[in-house]
Every structure is written in C-alpha cells, then in structure tokens.
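A short write-up of the structure that comes next.
Numbered from 1 within each chain, the chains take letters A, B, ... in sequence-line order.
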Protein chains: 2
Amino acid sequence: MSAKPFSSVWTRARKGGREQGLSRDQIVRAAVELLDAEGLDALSMRKLGARLGAGATSLYWHVANKDELIELVMDEVYSGVVVPEAAGWREAASVFAYAMRQAVFDHPWSASLIGVVPALGPNALTASDRLMGAFVRAGFEGIDVDYAMTAVVSYTLGATIPEVAFISSLKASGTSMTELQAAVDPIMTKLASDRPNLLERYQSYAQQDFDPLVARRLAFEFGLMALLDGLGTRLRGVSG
Amino acid sequence: MSAKPFSSVWTRARKGGREQGLSRDQIVRAAVELLDAEGLDALSMRKLGARLGAGATSLYWHVANKDELIELVMDEVYSGVVVPEAAGWREAASVFAYAMRQAVFDHPWSASLIGVVPALGPNALTASDRLMGAFVRAGFEGIDVDYAMTAVVSYTLGATIPEVAFISSLKASGTSMTELQAAVDPIMTKLASDRPNLLERYQSYAQQDFDPLVARRLAFEFGLMALLDGLGTRLRGVSG
DNA sequence: ACACTACTCGCACACTGTTCGAGGTGACCT
DNA sequence: AGGTCACCTCGAACAGTGTGCGAGTAGTGT
C-alpha cells in the first residue's frame, strides 16, 4: 500500500524564486498551448520541455509532478468562466453555464479532466464565489444555497463533458458526420432491434437532416431552463 | 497527422471463435476485477495477462487494443443500471439516476471515463431505451423526448462524476476527512479572503459537523427533484 | 497425412514519469 | 575580492507502458 498523503498544488506553499529562466506561469502557458494544439495524450514532460527550450527534468523544479501541472493547467481553463458580480441568480447561473460550456469547448482536452481533478485554484474559486453570491442574494437560505448551486454546476458539467468528448473524438479521428452514421448504422439496426424506442428515434433522425451540433445546443438550453425553473419554485416556496 | 478512422468495439464485427482458452468475456471480467481492486492506473495489459495466466500480447487476439477493452469494461458498468420497463417517467428517471450513481460508486475508476468513452454497448443502449420509453409514454413529443432525457442523464453524470472522483481520491491517498480539512484550511482562509461568499459558507461548515457524504446525497436528491419538476411543467405545457 | 484456422507469446521498439546527483550561476556577506 | 549558499538546469538511468511482428502450437475438417 503506497498511500501518499493528500496533496494538491494549491495546498503547498509556493517557492519564492528569483524569477529567471523558466517560470511556473511560463510552463503552464506552454502546456495549455501544447494541449490545445495536440490534445491530452500529446502532453509529455519531454515534449513540453523541448517546446520551452529546456530539458524535461528542469520542469520538476517548478512543478512537483505531472498531476500538479495538470491542476494548474485546469485552473487556466476556469479563467475563461467569468460570472457577473451583481446579477440576478438566473442570469448568473445562465452566464456561468454557457461560459463553462464554452471554456471546455475552447480546451477540449479538459473534458476528460474536469470533474476529476480537484478545482481549488484561484480562478475556479472565484467563479464559485460569484455564483454562490448570486444564489445568496436571491434568497436561497442555509444549505439550499449549496444544493441549488451544485445542481447548476452538475448539470453543466454533465451536459458539456460528453458533448465535447464526442465532437473532439470525431475531430481527432477525422471522421465526418456522415461517415460516422455509416459506421453506427449497422450496429444500430442490429442491436436496437429489441430496443424499440431507441430504434424509432434513431431512424427519425436519419431522415431529417437536423444539424446535430445545433440540436445539442438546444438540448443544453432546454435542460438548463427546466432546472432553473425547478430551482425557482423552491426559492419561492421558502421566501413567500 | 495520424488521424485514424473512427472505430469502436461496437462498430466492428466480432470474430467467431472456438471459445477455448482465453475469451473476450473472461478478459473483461478479469479487467473489472483488477480495476475494482486497484484502480485505473493499475490496469495494464501485462498485469491483466498475468492475472489470467497468459502472456500480455495474447489479449490482442481478443481485443483490438486497450481503448476497446475499456469500452467493453465500461459497458459492464452500465450493466448495473437497470431501468424498470413499465414505470412513470418520474419514477423511471429517478431509478435511472440513482442506479447510475450507484454503478459509478461501485466502480469508482469509471468516474474518469464515463462521459468520455463512447457508450454504444448493449447495456448502455438498453438503459437508454428503457428511459426513453418512459418519456415517450409520458407524452413528451418530438425532439423534447431527447431533450428531457438528455437533461436527466446530464445532471446525473455531472453530479456523480465529481463526487465519486473526490471520495475515491481521498480513499486512494488514505486521507481522512479531518486531515483533508487541515490541508485545505490554510488555502481557504488565504485565497478566500476576497471571496466572501465562499469563505462564509466554508466557515459555517467547519463549525457544524454535518457528514459531507450525507450532504452530497441530499444535494443529489434536491437537484434531481428540481430538474424533474422543471421537466414536468414542460410536459404539462404541451399535453394540456 | 495434410492443410488450415485459431490462437499464444517472446522479443523489440519507442515512449512514458520521475529520481538522483553533478554541475552552474548569480546574489549577498565579510 | 573571495567565499558561501540558495536557486536552478539537466543528462543518465530506471521501471514501466502499449503494441507490431513473426515464429510457434494445437485442434478441426478432409
């Protein structure tokens, strides 16, 4: 059992340095560039070092290990989700949801990391704080503040992760949407034969040509609005 | 650009074989055991081969590569989520949500895979079909069937993934909840100083001793009910 | 007896994260 | 000016990874 104590970049004190040559921020920036350009699998310490004109092992002075680097890089993703400071709770939640969604779209590699890596960085915390503030001001009370906020975050993550993972796996494999359909078609008609609901809907899609990307966006909107409505009744139920 | 065509285990025809020695199902079963016992990082082809008393490369006859193995193993997770065949839409959605949540709890390694790996296996499709049937019977019409269903799935994933990832990272690091608090405390009081909402809530938690695991479950229930309520109004808005 | 298919597997390759220890380089103190 | 020390870089090495290749084996059909 090699259980090491819990640790996160954000729980360790940062080294005060002379700020010359490599720097942590520079490394993180380069890592994001590399990730955006070539994806998660392409991020290796050697490649990252090379991109910075440095040896791979030099990075280990500025960053404890790759996991910490990834935590840092993830907070860079959260920097893209800005929540307005003084807005109604519905607007704050909406803006958050769409900003989060966009941030993951902008950095597709983050889809497989986003719920899994601890989000204790400054940007993640700022976003949380803003969102929470909106719910508090709206009149949610006690633990309901957390519950309502968690619900919005959960929905947003759960909707975004598969969506981004899907389209970026398509992009990575260079498969067009029609090619995909050709690949999926046989297994659908075969496997779905005793799954009547799935089969019917699948066939109805194949007929009409409704851009699936647009459909996804509408689905996101639909679910988000439904959730916010549900939260709204809970708010009114308490305050009057 | 090494773009390989899109492929999934489920899109390839299965080899018909003599069914002796190793078999695909046997491999998948052993992989699940290994994953449950030692986690995602511990799954390597060599280890898995050893566990089966076989050479590592023998596995490649039955499975194209590790990615495909993981798709297979993921469908094994979906086997745990059974949706009742003839139930009201709210009950079907609830049962699905809790079953899904439980399945991921039972196989914590799946948290980092679940939205990312294509879910085209038989078990995943059966669950989808059952859930979809419930929404159709309830009276959702046209594209709303998908939207409503997607919303429930999204919320469930988004709530479950971070929760399971969190507690299983705690378990892996052997850190107790109080130790964690000791680690997080300094960064909270420091970083949260200009994040007033976060700080206040954090402190109010630290005082009362409310089991965080129970809180999470209640949060899951809260958000799910809110979402279902919101979907319900959309249903009534159409049919009556 | 022959052929053929279904399978197993050792070797090898290119790659990974990370440790260690030897070096360099500049800032500060005496 | 010389010395000391913290800060920083990096090559070598280790233990591991996924997987292609080609040789080898075993069981079935004719």
For A/R201, check salt bridge (charged side-chain N to carboxylate O under 4.0 Å, His left out) against everything at least two apart and list the hits. B/D146
Does the side chain of [X] get closer than 4.0 angstrom to OP1 or OP2 of [N] through an N or O atom?
{"X": "A/H62", "N": "D/dT9", "result": "yes"}
{"X": "A/S58", "N": "D/dC10", "result": "yes"}
{"X": "B/W61", "N": "C/dT8", "result": "no"}

Once side-chain contact (heavy atoms from CB on, under 4.5 Å) is applied, do any residues pair with [X], and if so which ones, sequence neighbours excluded?
{"X": "B/R101", "answer": "B/F105, B/T160, B/E163, B/R217, B/F220"}
{"X": "B/D41", "answer": "none"}
{"X": "A/L198", "answer": "A/R195, B/L125, B/S128, B/D129, B/M132"}
{"X": "B/V153", "answer": "B/F96, B/L131, B/L157"}

Take the protein atom [atom1] of [X] and the nucleotide atom [atom2] of [N], then report the distance between them rounded to whole Å.
{"X": "B/I27", "N": "D/dG18", "atom1": "CD1", "atom2": "C1'", "result": "15 Å"}
{"X": "B/L59", "N": "D/dT17", "atom1": "CG", "atom2": "P", "result": "13 Å"}
{"X": "A/L52", "N": "D/dC10", "atom1": "CG", "atom2": "P", "result": "11 Å"}
{"X": "A/Y60", "N": "D/dA12", "atom1": "OH", "atom2": "C1'", "result": "15 Å"}
{"X": "A/N65", "N": "C/dT16", "atom1": "CG", "atom2": "C1'", "result": "14 Å"}
{"X": "A/M45", "N": "D/dT9", "atom1": "CE", "atom2": "P", "result": "13 Å"}
{"X": "B/L48", "N": "D/dG18", "atom1": "CG", "atom2": "C1'", "result": "13 Å"}
{"X": "B/L22", "N": "D/dT25", "atom1": "CG", "atom2": "P", "result": "18 Å"}

Among residues 29-42 of chain B, which residues get a heavy atom nearer than 4.0 Å to DNA chain C? none
If the condition is side-chain hydrogen bond (donor to acceptor under 3.5 Å, both in side chains), which residues does B/D194 pass it with, not counting sequence neighbours? none
Got a sec, which residues hit side-chain hydrogen bond (donor to acceptor under 3.5 Å, both in side chains) with B/T178, two or more places apart in sequence or on another chain? B/S176
Using the 3.5 Å cut-off, write out each protein N or O paired with an N or O of nucleotides 10-12 of chain C and the distance between them.
from, atom 1, to, atom 2, distance (Å)
C/dG10, N7, B/T57, OG1, 3.4
C/dG10, O6, B/T57, OG1, 2.9

Closest non-hydrogen contact found for B/A31 with B/L43 is CB-CD1, 4.4 Å
Here the pair of heavy atoms bringing A/R51 nearest to A/A30 is CD-O, 3.9 Å
Describe the nucleic acid contact of A/S44 in one word from base, sugar-phosphate, nothing, applying a heavy-atom distance below 4.0 Å. sugar-phosphate
Within the 4.0 Å heavy-atom criterion, would you say B/L43 contacts the bases, only the backbone, or no part of the nucleic acid? sugar-phosphate
